Novice: 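My questions will all concern the structure given below.
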Amino acid sequence: MSVLEVKNIKKSFGKTEVLKGISFSLEKGEVLAVLGSSGGGKTTLLRCLNFLEFADSGTISVNSEVIYDGAAKTQNDAEIRKKRLHFGLVFQSFNLFPQYNVLKNVSLAPTLLKIDSPEAIEELARSLIDRVGLSDKIDNYPCELSGGQQQRVAIARALALKPDILCFDEPTS
């Protein structure tokens with residue numbers, strides 16, 4: 001059974017066709033790398049998977065449940081927020097909140113979504129920060145971290161919501 005199945009995803013911006021019928025599936029534990037030139041649609045595909053953009057057509061299924069069908073365009077904000085929880089996204093530029101330290105960056109989304117008690121969320125955040133080797137930087141702000149350290153905070157933050165699928169945009173940049 002596929003954890004993720006993408007069928008015939010298409011996305012255009014005006015007359016520019018960016019995604020031209022992308023299809024693939026992933027089993028649990030599999031890794032997929034999408035390679036292509038700059039402007040080739042890699043980020044657009046990730047944004048469609050995470051509902052930051054909406055595909056014009058096609059379907060996205062997670063654990064055999066269709067979570068997006070381009071033919072049925074109506075979805076309310078609450079449904080979209082729930083569906084986003086299937087995916088963790090590490091952005092190319094990390095998008096850490098500069099006003100928050102490492103601990104707050106990692107714990108913010110679970111806190112806002114009230115997925116657990118504040119104590120359990122902090123424990124999880126501290127554990128994830130330790131897993132990415134940044135326990136000694138837990139009180140630092142993004143501007144005090146190297147690019148690689150910021151990327152590790154972004155990875156911990158993406159893992160904090162326990163997603164089914166983890167997506168990385170330009171993971172080697």
Side-chain angles (χ1 to χ4, degrees), residues 2-14 16-63 67-68 70 75 77 80-102 104-110 112-113 125 128-129 131-134 137 140-173:
S2 296
V3 172
L4 174 64
E5 188 165 6
V6 174
K7 289 184 184 174
N8 203 30
I9 292 291
K10 295 180 182 180
K11 176 69 178 170
S12 296
F13 295 100
T16 304
E17 198 177 16
V18 179
L19 302 178
K20 304 174 184 179
I22 304 295
S23 297
F24 62 90
S25 64
L26 284 173
E27 303 296 322
K28 185 174 179 151
E30 277 190 316
V31 175
L32 171 70
V34 178
L35 304 174
S37 60
S38 180
K42 302 176 300 292
T43 297
T44 299
L45 174 61
L46 289 178
R47 291 179 61 83
C48 286
L49 290 176
N50 286 278
F51 302 102
L52 299 172
E53 296 280 348
F54 293 95
D56 300 326
S57 63
T59 61
I60 301 169
S61 301
V62 175
N63 297 320
I67 64 167
Y68 181 79
Q75 296 190 50
D77 288 342
I80 291 167
R81 279 192 300 273
K82 183 178 177 190
K83 291 174 182 183
R84 278 187 184 133
L85 294 177
H86 291 288
F87 298 91
L89 177 59
V90 179
F91 294 93
Q92 179 177 355
S93 57
F94 317 131
N95 292 359
L96 298 176
F97 295 106
Q99 71 272 32
Y100 297 136
N101 65 21
V102 169
K104 182 78 172 188
N105 262 285
V106 175
S107 62
L108 183 63
L112 292 174
L113 293 171
L128 290 168
I129 292 164
R131 279 179 59 193
V132 298
L134 290 175
K137 303 287 185 185
N140 288 63
Y141 290 83
C143 66
E144 300 171 318
L145 304 173
S146 71
Q149 290 169 331
Q150 289 181 40
Q151 186 174 40
R152 288 186 278 157
V153 173
I155 292 168
R157 180 180 63 185
L159 290 170
L161 292 174
K162 302 175 184 173
D164 297 309
I165 300 141
L166 192 55
C167 301
F168 292 82
D169 192 5
E170 299 288 348
T172 59
S173 65

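Quick caveat, the model's predicted, so the values are computed rather than measured. Atoms considered below: every heavy atom in the structure, side chains included; atoms not considered: hydrogens, waters and symmetry mates. This chain uses plain numbering: 1 for the first residue, then up along the sequence.
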Novice: Which heavy atom of Lys137 sits nearest a heavy atom of Leu145, and at what distance?
Specialist: CB-CD2, 3.9 Å
Novice: To the nearest 0.5 angstrom, please state how far the CG atom of Leu19 sits from the CG atom of Asn8.
Specialist: 11.0 Å
Novice: With sequence neighbours left out, write down each residue that passes side-chain hydrogen bond (donor to acceptor under 3.5 Å, both in side chains) with Ser23, or none if nothing qualifies.
Specialist: none
Novice: Look up atom CZ in Phe91 and atom CG in Leu52, then write down how far apart they are to the nearest 0.5 Å.
Specialist: 5.5 Å
Novice: For a side-chain contact (heavy atoms from CB on, under 4.5 Å) check, start with the C-alpha distance between Phe94 and Val153, then their side-chain angles and the critical distance, and finish with the verdict.
Specialist: CA-CA 8 Å; Phe94 317 131; Val153 173; over 6 Å; no
Novice: Quick one: OG1 on Thr59 to NZ on Lys7, what's the gap to the nearest 0.5 Å?
Specialist: 5.5 Å
Novice: Could you tell me which non-hydrogen atom of Ala158 sits nearest to which non-hydrogen atom of Leu166, and how far apart they are?
Specialist: CB-CD1, 3.5 Å
Novice: Once you round to the nearest 0.5 Å, how far does CG of Leu161 lie from CZ of Arg84?
Specialist: 12.0 Å
Novice: Under 3.5 Å, sequence neighbours excluded: what are the donor-acceptor pairs made by side chains of residues 36-50?
Specialist:
residue: Lys42; atom: NZ; partner: Gly36; partner atom: O; Å: 3.0
residue: Lys42; atom: NZ; partner: Ser37; partner atom: O; Å: 2.9
residue: Thr43; atom: OG1; partner: Asp169; partner atom: OD1; Å: 3.0
residue: Thr43; atom: OG1; partner: Asp169; partner atom: OD2; Å: 2.9
residue: Asn50; atom: ND2; partner: Leu46; partner atom: O; Å: 2.8

Novice: Please name all residues satisfying side-chain hydrogen bond (donor to acceptor under 3.5 Å, both in side chains) with Asn95, sequence neighbours left out, ordered by chain then number.
Specialist: Ser93
Novice: Going by heavy atoms in the side chains, are Tyr141 and Leu96 under 4.5 Å from each other?
Specialist: no
Novice: If I take atom CD from residue Gln150 and atom CG from residue Asn105, how far apart are they, to the nearest 0.5 angstrom?
Specialist: 9.5 Å
Novice: Looking at Leu159 and Pro163, what are the two nearest heavy atoms and their distance?
Specialist: O-CD, 3.9 Å
Novice: Can you tell me how far CG of Asn63 sits from CG of Leu4, rounded to the nearest 0.5 angstrom?
Specialist: 9.0 Å
Novice: Taking C-beta and beyond as the side chain, do Val132 and Leu128 meet within less than 4.5 Å on heavy atoms?
Specialist: no
Novice: Mind checking side-chain hydrogen bond (donor to acceptor under 3.5 Å, both in side chains) for Gln149 and listing every partner two or more places apart, or none if nothing turns up?
Specialist: Ser146
Novice: Quick one: does Tyr68's side chain have a donor or acceptor within less than 3.5 Å of a partner on Ala55's backbone?
Specialist: yes
Novice: Any idea how Phe54 and Phe51 line up, ring-wise: parallel (<30°), tilted (30 to 60°), or perpendicular (>60°)?
Specialist: tilted
Novice: Report yes if some heavy atom in the side chain of Val34 is under 4.5 Å from a heavy atom in the side chain of Ile22; otherwise report no.
Specialist: no
Novice: Please collect all side chain to side chain donor-acceptor pair (under 3.5 Å) contacts where either partner lies in residues 156-165, sequence neighbours excluded, each pair once.
Specialist: His86-Asp164
Novice: Count the heavy atoms of every other residue, nucleotide or ligand shown that sit under 6.0 Å from NZ of Lys83, and state whether that count exceeds 12.
Specialist: yes
Novice: Using side-chain hydrogen bond (donor to acceptor under 3.5 Å, both in side chains) as the criterion, list what pairs up with Glu27, not counting sequence neighbours.
Specialist: Ser2
